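Have a look at the structure below, then the notes.
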Amino acid sequence: MAFKLSDLKLPKFEKKKSPEQIAKEREQAQKLQAENAKLVPELTNKNGEFYRQFHKMMETRSYHPGRQPEMVDNAILQRLIAGQKNGQTAKQIYGTPTELAEFVATAPTPEELAPPTFVDYLLDSGLFITALFSMLAGIMMLFGNQTATNGGAMFGPVALLVNFLCGGGAMAVLTRYQPNMNAPKGKRGIPKYLAMSFIAVLAWLFILSGVVALVPPQFNPMLPMLAYFIIAAVAFLLRTFYRQYKGMEAR
């Protein structure tokens with residue numbers, strides 16, 4: 001069976017919480033638990049049974065990492081009680097307890113469904129460009145291409161950093177202004193896309209050329225061939241981690 005990169009279980013970048021944040025979240029959870037305990041008796045018999053069955057289903061499942069159990073319970077209780085006033089049943093609102101439990105356990109949160117930001121695209125594209133240029137430099141050196149050896153300024157560490165920032169930014173701009181081909185003619189945004197593409201790429205090349213010309217060669221030397229292959233592999237893996245962390249591969 002062939003190994004696929006998607007088979008690799010990649011760690012998520014967890015933002016470390018401060019003691020103050022942990023204490024605040026704990027206090028909020030306690031308040032919600034107390035509020036939920038007061039709301040449960042307000043449910044009708046049928047809605048109360050639905051709520052109990054839902055919790056029974058959750059005993060064999062885990063709450064989605066982006067959902068706090070107390071907040072989920074509070075939202076469900078509030079919605080059920082509001083529905084009762086209009087004669088809505090739990091089934092009409094949430095379907096079956098099993099369907100609700102499956103949603104709570106697996107469905108993406110609104111934050112996860114939000115489109116990637118400009119910074120997300122910049123980092124994603126920047127890492128891709130870094131991997132591409134590093135791999136290109138390594139291959140050129142591997143086959144003894146003197147252009148790569150003598151023109152190290154275009155592949156030095158400073159140049160790679162500029163390509164990461166400016167190249168990633170240029171690609172992020174292109175993604176930002178990508179035309180909508182499903183829109184009516186005249187409203188697809190193609191002229192704006194072409195104009196922004198020209199400006200973004202021109203700015204990238206202008207900054208890169210300026211930096212390469214101004215930075216002394218000793219600060220932007222050609223790296224060893226192995227270093228380029230290592231940089232390419234690390235950049236590729238970091239990009240893969242980041243895309244999985246942000247859910248960009250599923251978009």
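These values consider heavy atoms only, across backbone and side chains, with no hydrogens, waters or symmetry-generated copies. Computed from a prediction, not measured in an experiment: that's the story for all the values here.
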What distance do [X] atom [atom1] and [Y] atom [atom2] have between them, rounded to the nearest 0.5 Å?
X    : Y    : atom1 : atom2 : result
I231 : F229 : CD1   : CZ    : 11.5 Å
L77  : D73  : CG    : CG    : 6.5 Å
L223 : I230 : CG    : CD1   : 10.5 Å
M225 : M140 : CE    : CE    : 13.5 Å
L208 : L161 : CG    : CG    : 11.0 Å
L43  : I76  : CG    : CD1   : 10.5 Å

* **Ion pair E49/R52, N-O distance below 4.0 Å** => yes

* **Salt bridge K31-E70, side-chain N to carboxylate O under 4.0 Å** => no

Hydrophobic clusters here meaning ILVMFWY residues chained together by side-chain heavy-atom distances under 4.5 Å, can you tell me if [X] and [Y] are in one?
X    : Y    : result
L205 : V211 : no
V201 : M196 : no
F219 : V212 : yes
F103 : M71  : no
L214 : L165 : no

For [X] against [Y], the heavy-atom pair lying closest together:
X    : Y    : answer
P224 : M141 : C-CE, 4.3 Å
A90  : L80  : CB-CD2, 3.6 Å
A200 : A170 : O-CB, 3.8 Å
S125 : A172 : OG-N, 4.4 Å

* Asked: Under the 3.5 angstrom rule, does the side chain of Q92 hit a backbone N or O of T89 as a donor-acceptor pair?
  ->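 Side chain of Q92 to backbone of T89: a pair is present.
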
* Asked: Is D120 reaching over with its side chain to a backbone N or O of T117, donor-acceptor style, under 3.5 angstrom?
  -> yes

* To do: Decide side-chain contact (heavy atoms from CB on, under 4.5 Å) for F54 and V104; before the verdict, give the C-alpha distance in whole Å, the side-chain angles of both, and the deciding distance to 0.1 Å.
  => CA-CA 10 Å; F54 161 72; V104 169; 4.0 Å; yes

* Yes or no on side-chain contact (heavy atoms from CB on, under 4.5 Å) for L100 and T96, after CA distance, side-chain angles and deciding distance? -> CA-CA 6 Å; L100 177 58; T96 66; over 6 Å; no

* Asked: Do F50 and Y94 pass the side-chain contact (heavy atoms from CB on, under 4.5 Å) test, and can you show the C-alpha distance, the side-chain angles, and the key distance before you say yes or no?
  -> CA-CA 10 Å; F50 178 96; Y94 290 119; 3.7 Å; yes

Does some side-chain heavy atom of [Y] sit less than 4.5 Å from a side-chain heavy atom of [X]?
X    : Y    : answer
F198 : L194 : no
L160 : S134 : yes
Y242 : L123 : yes
F164 : I129 : no
E102 : R61  : yes

* How would you list, by chain and number, every residue that makes a ring-ring contact (aromatic ring centres under 6.0 Å, His included) with Y51, sequence neighbours excluded? -> H55

* Which word best sums up how the rings of F155 and Y228 line up, parallel for under 30°, tilted for 30 to 60°, or perpendicular for over 60°? ->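 Plane angle over 60°, so perpendicular.
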
* Asked: In this structure, are over 12 heavy atoms from other groups packed under 6.0 Å from F206 atom CZ?
  -> no

* To do: Under the side-chain hydrogen bond (donor to acceptor under 3.5 Å, both in side chains) rule, collect the residues that match up with N36, sequence neighbours excluded.
  =>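 Counting only residues at least two positions away or on another chain, N36 forms a side-chain hydrogen bond (donor to acceptor under 3.5 Å, both in side chains) with N74.
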
* Asked: For Q30 and E35, what are the C-alpha separation, side-chain angles and deciding distance, and is it a side chain to side chain donor-acceptor pair (under 3.5 Å)?
  -> CA-CA 9 Å; Q30 291 173 347; E35 183 179 342; over 6 Å; no

* From CA spacing to verdict: side-chain contact (heavy atoms from CB on, under 4.5 Å), K46, K91 -> CA-CA 10 Å; K46 285 187 177 181; K91 186 174 183 180; over 6 Å; no

* Output every pair passing side chain to side chain donor-acceptor pair (under 3.5 Å) with a member in residues 155-168, not counting sequence neighbours, ordered by first then second residue. =>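 Listed once each, the pairs are N163-W204.
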
